[in-house]
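Okay, so here's the structure we're looking at.
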Amino acid sequence: MKTLDEVQRQLLAGEFDFSDHAFLRAVERNIGDSEIIEAGNRVFSVEEYEDARYGPSALVLGFTLVGRPLHLLVSLSDTRLLRIITLYEPDPGQWEDFIRRR
């Protein structure tokens, strides 16, 4: 199972791919690969889901160089590429400091 450090390393290295759902969301929400890589500069664990439908996963928070917060739901399975399950810009009305649910 991947650790937060491994997730961060793979994001920074661009070693990730998208679920079909995540790819569609990235296009809809105008989130590019470069922003995902930037968000890997500093990654915070928000929530972990050990019994998730598709295996262990984690919701992580990162920020782009211009300060755009991004939530990335990633698979923690031991795979060559980090699988991004979904991604979005968190709503400040629903999140305190983008890390704790209100």
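For reference, positions follow the sequence shown, starting with 1.
- Looking at heavy atoms from C-beta onward, Tyr49 lies in side-chain contact with Leu59 at the 4.5 angstrom threshold.
- Using a 4.0 Å cut-off between charged side-chain N and carboxylate O, Glu6 and Arg9 make no salt bridge.
- Lys2 has no carboxylate O lying under 4.0 Å from a charged side-chain N of Asp78, or vice versa, which leaves the two without a salt bridge.
- Counting Ile, Leu, Val, Met, Phe, Trp and Tyr side chains that sit under 4.5 Å apart, directly or through other members, Leu24 stands alone, with no cluster partners.
- The CD1 atom of Ile85 sits 14.0 Å away from the CZ atom of Arg25 when rounded to the nearest 0.5 Å.
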Could you give me the CA-CA distance, side-chain angles and deciding distance for Asn41 and Leu65, then say whether side chain to side chain contact (heavy atoms under 4.5 Å, CB included) is met? CA-CA 9 Å; Asn41 279 310; Leu65 294 179; 4.1 Å; yes

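- In the hydrophobic clustering, where aliphatic and aromatic side chains (Ile, Leu, Val, Met, Phe, Trp, Tyr) are joined below 4.5 Å either directly or transitively, Leu81 stands alone.
- Residues passing the side-chain contact (heavy atoms from CB on, under 4.5 Å) test with Ser77, sequence neighbours excluded: Pro56, Ser75, Thr79.
- Ser19 places none of its side-chain heavy atoms less than 4.5 Å from the side chain of Thr86.
- At least one donor-acceptor pair closer than 3.5 Å links the side chain of Arg102 to the backbone N or O of Pro92.
- The neighbour count for Glu50 CD, taken as heavy atoms of other residues, nucleotides or ligands under 6.0 Å away, does not exceed 12.
- In this view, Asp91 satisfies the salt bridge (charged side-chain N to carboxylate O under 4.0 Å, His left out) rule with no residue, not counting sequence neighbours.
- At a threshold of 4.5 Å between side-chain heavy atoms, the hydrophobic network of Ile, Leu, Val, Met, Phe, Trp and Tyr places Leu12 and Phe63 in two separate groups.
- Between Pro69 and Glu89, the closest heavy-atom pair is O-CG, 3.3 Å.
- Counting Ile, Leu, Val, Met, Phe, Trp and Tyr side chains that sit under 4.5 Å apart, directly or through other members, Ile37 shares a hydrophobic cluster with Met1, Leu4, Val7, Leu11, Phe16, Phe18, Phe23, Val27, Ile31, Ile36, Val43, Val60, Leu70, Leu72, Val74, Leu76, Leu82, Ile84, Leu87.
- By the salt bridge (charged side-chain N to carboxylate O under 4.0 Å, His left out) test, Glu35 pairs with Arg68, sequence neighbours left out.
- Tyr88 is listed as a side-chain neighbour of Arg29, based on a closest heavy-atom distance under 4.5 Å.
- Residues Arg80 and Glu15 form no side-chain contact, since every pair of their non-hydrogen atoms from C-beta on lies 4.5 Å or further apart.
- Side-chain contact between Arg101 and Trp95 is present, with at least one heavy-atom pair separated by less than 4.5 Å.
- The heavy-atom pair separating Thr64 from Glu38 by the smallest distance is CB-OE1, 3.2 Å.
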